[in-house]
Amino acid sequence: PEAMLVFLHIPKTAGSSITSDLDRLLAPYRNLEPDYADSSRPFEEREAEALARFAAEARVQRPRSVSGHYELRRLQPLLRGLEPVAFASMVRDPVARVVSDYRYMTSERHPDWREARARYPTLDAYLAEPEESAEKMARYLLADPRMPPDEIPGFLDETYHVLGTVEDYAFSSFLLLALGGHRMVSTARERVSADGPTRREDLPEALVERIAAANPRDAAIHAHVSAVLARCRPAWLRLLASVG
């Protein structure tokens with residue numbers, strides 16, 4: 001309960017809904033967000049500035065919970081001296097996540113949608129730049145985004161306190177909020193996209209195969225988290241029944 005909860009917000013993994021709960025239930029809450037309105041400086045510079053400002057302020061007033069679109073390897077050095085820290089995140093089927101990510105970033109709901117739409121006029125153009133479109137969950141969650149897939153389960157188990165899936169949102173949000181001392185299921189659903197199908201069975205087979213082939217580490221992450229949730233669910237349900 002005394003740990004600072006750090007939620008790594010991977011794009012299009014229900015993170016906005018989770019962070020709404022963090023702000024409400026685990027205050028003081030801090031959102032690590034760069035200045036999107038300042039177009040006079042490179043985005044990377046604004047990101048680094050937001051991180052540096054957080055590191056300085058957190059040593060004066062330590063937050064109870066933190067979230068942001070930042071990778072583990074960038075946050076860990078800043079959190080030294082602020083322990084105990086509990087890392088958490090949500091993941092999603094890689095195919096659905098990539099398609100949803102593209103649709104959101106090129107929609108008017110995204111702060112930089114004009115730039116994104118100009119650079120990626122089609123989903124095919126986005127997929128043609130794997131350094132931007134592929135393995136995004138691995139980039140956020142792993143200390144080394146090139147980690148061999150067979151090493152990923154052990155790293156996740158050692159590093160994260162709670163990982164959930166979008167597909168099992170109710171149970172995942174329950175586990176995350178329980179970490180902060182709240183026995184409840186999240187009811188918040190923020191920024192839910194409704195731009196078309198994202199499930200594998202509703203997408204062209206060739207598209208599914210292309211995205212899956214480009215995301216082996218993300219597939220390993222999603223498979224492991226899904227398996228852990230399925231394995232621990234019966235024990236959690238028995239525990240809840242025993243305590244009423």
Side-chain angles (χ1 to χ4, degrees), residues 6-20 22-23 29-55 66-75 78 89-142 145-146 166 189-199 202-204 206-208 210-218 221-222:
V6 178
F7 182 81
L8 305 181
H9 185 176
I10 304 167
K12 304 316 295 176
T13 59
S16 296
S17 301
I18 291 292
T19 55
S20 175
L22 297 183
D23 188 22
Y29 162 77
R30 177 67 187 274
N31 180 33
L32 302 182
E33 188 173 54
D35 185 356
Y36 288 108
D38 183 4
S39 59
S40 64
R41 296 179 297 153
F43 185 72
E44 293 75 14
E45 181 180 325
R46 288 176 275 158
E47 278 191 319
E49 179 183 76
L51 283 178
R53 184 167 58 248
F54 161 72
V66 179
S67 73
H69 291 298
Y70 286 96
E71 300 90 347
L72 175 74
R73 62 187 184 278
R74 295 184 66 187
L75 283 178
L78 296 173
S89 191
M90 293 278 287
V91 302
R92 185 178 185 179
D93 169 64
V95 174
R97 200 213 63 78
V98 168
V99 173
S100 182
D101 194 16
Y102 172 74
R103 289 175 177 159
Y104 172 67
M105 70 188 294
T106 55
S107 75
E108 295 183 10
R109 300 188 304 276
H110 192 276
D112 296 321
W113 67 273
R114 289 184 178 86
E115 293 84 349
R117 192 178 292 182
R119 184 173 180 180
Y120 308 117
T122 64
L123 175 59
D124 188 69
Y126 184 50
L127 299 179
E129 293 193 20
E131 66 278 6
E132 293 293 333
S133 62
E135 302 280 55
K136 193 166 286 188
M137 293 192 294
R139 278 182 265 156
Y140 271 76
L141 298 180
L142 303 181
R146 297 165 298 180
V166 171
R189 294 311 301 267
E190 305 287 340
R191 300 183 188 176
V192 177
S193 298
D195 300 322
T198 58
R199 297 186 307 166
D202 298 327
L203 296 168
L207 175 63
V208 171
R210 181 180 180 185
I211 297 175
N215 291 271
R217 293 174 183 83
D218 280 15
I221 290 170
H222 183 259

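We're numbering straight along the sequence, starting at 1.
- Partners of Ser67 by side-chain hydrogen bond (donor to acceptor under 3.5 Å, both in side chains), not counting sequence neighbours, listed by chain and number: Tyr29.
- A distance of 5.5 Å separates CG of Asp93 from NE2 of His222, quoted to the nearest 0.5 Å.
- Among all heavy-atom pairs drawn from Met137 and Pro94, the shortest one is CE-CG, 4.1 Å.
- In this structure, the side chains of Met105 and Pro11 stay at 4.5 Å or more apart for every pair of heavy atoms.
- For His110 (side chain) and Tyr104 (main-chain N/O), no donor-acceptor pair under 3.5 Å exists by modelled atom type.
- Distance alone, capped at 3.5 Å, is enough to place a donor-acceptor pair between the Arg139 side chain and the Ala134 backbone.
- Side chains of Leu141 and Leu72 form no contact here, defined as non-hydrogen atoms less than 4.5 Å apart.
- Between Ser89 and Ile10, some side-chain heavy-atom pair lies under the 4.5 Å cut-off.
- Within the 4.5 Å cutoff, the side chain of Arg217 has heavy atoms near those of the Arg146 side chain.
- The shortest heavy-atom contact between Ser100 and Lys12 is OG-CE, 3.1 Å.
- A heavy-atom distance below 4.5 Å is found between the side chains of Leu207 and Leu127.
- Side-chain contact between Met90 and Phe7 is present, with heavy atoms from C-beta onward closer than 4.5 Å.
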Pair Glu132-Asp101, side chain to side chain contact (heavy atoms under 4.5 Å, CB included): steps then yes or no: CA-CA 11 Å; Glu132 293 293 333; Asp101 194 16; over 6 Å; no
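- At a threshold of 4.5 Å between non-hydrogen side-chain atoms, the residues Leu203 and Ile211 do not count as touching.
- Legend: residues meeting ring-ring contact (aromatic ring centres under 6.0 Å, His included) with Tyr126, ordered by chain and number and at least two apart, are Tyr102, Tyr120.
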Full working for side chain to side chain contact (heavy atoms under 4.5 Å, CB included) between Arg41 and Glu49: CA-CA 11 Å; Arg41 296 179 297 153; Glu49 179 183 76; 3.1 Å; yes
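- Taking Arg30 as the reference, Glu57 meet the side-chain hydrogen bond (donor to acceptor under 3.5 Å, both in side chains) condition, with sequence neighbours excluded.
- The side-chain heavy atoms of Val91 and Asp218, taken from C-beta on, include no pair separated by under 4.5 Å.
- Partners of Arg73 under the salt bridge (Lys or Arg N to Asp or Glu O under 4.0 Å) rule, at least two apart in sequence or in another chain, do not exist in this structure.
- Every pair passing salt bridge (charged side-chain N to carboxylate O under 4.0 Å, His left out) that includes a residue from residues 111-122 is listed here, sequence neighbours excluded: Arg119-Glu129.
- Side-chain atoms of His69 come within 3.5 Å of backbone atoms of His9 as a donor-acceptor pair (strictly under, hydrogens ignored).
- Rounded to the nearest 0.5 angstrom, Ile221 CD1 and Leu142 CG are separated by 4.5 Å.
- Atoms CG and OH, from Leu78 and Tyr70 in turn, are 9.5 Å apart once rounded to the nearest 0.5 Å.
- For the side-chain hydrogen bond (donor to acceptor under 3.5 Å, both in side chains) test, residues two or more places apart in sequence or in another chain that qualify with Glu47 are Arg74.
- To the nearest 0.5 angstrom, Asn215 atom CG is 10.5 Å from Lys136 atom NZ.
- Summarising the geometry of Glu135 relative to Pro216, their closest heavy-atom pair is OE2-CD, 3.4 Å, with the distance given to 0.1 Å.
- The structure places CG of Leu32 at 5.5 Å from CZ of Phe54, a figure rounded to the nearest 0.5 Å.
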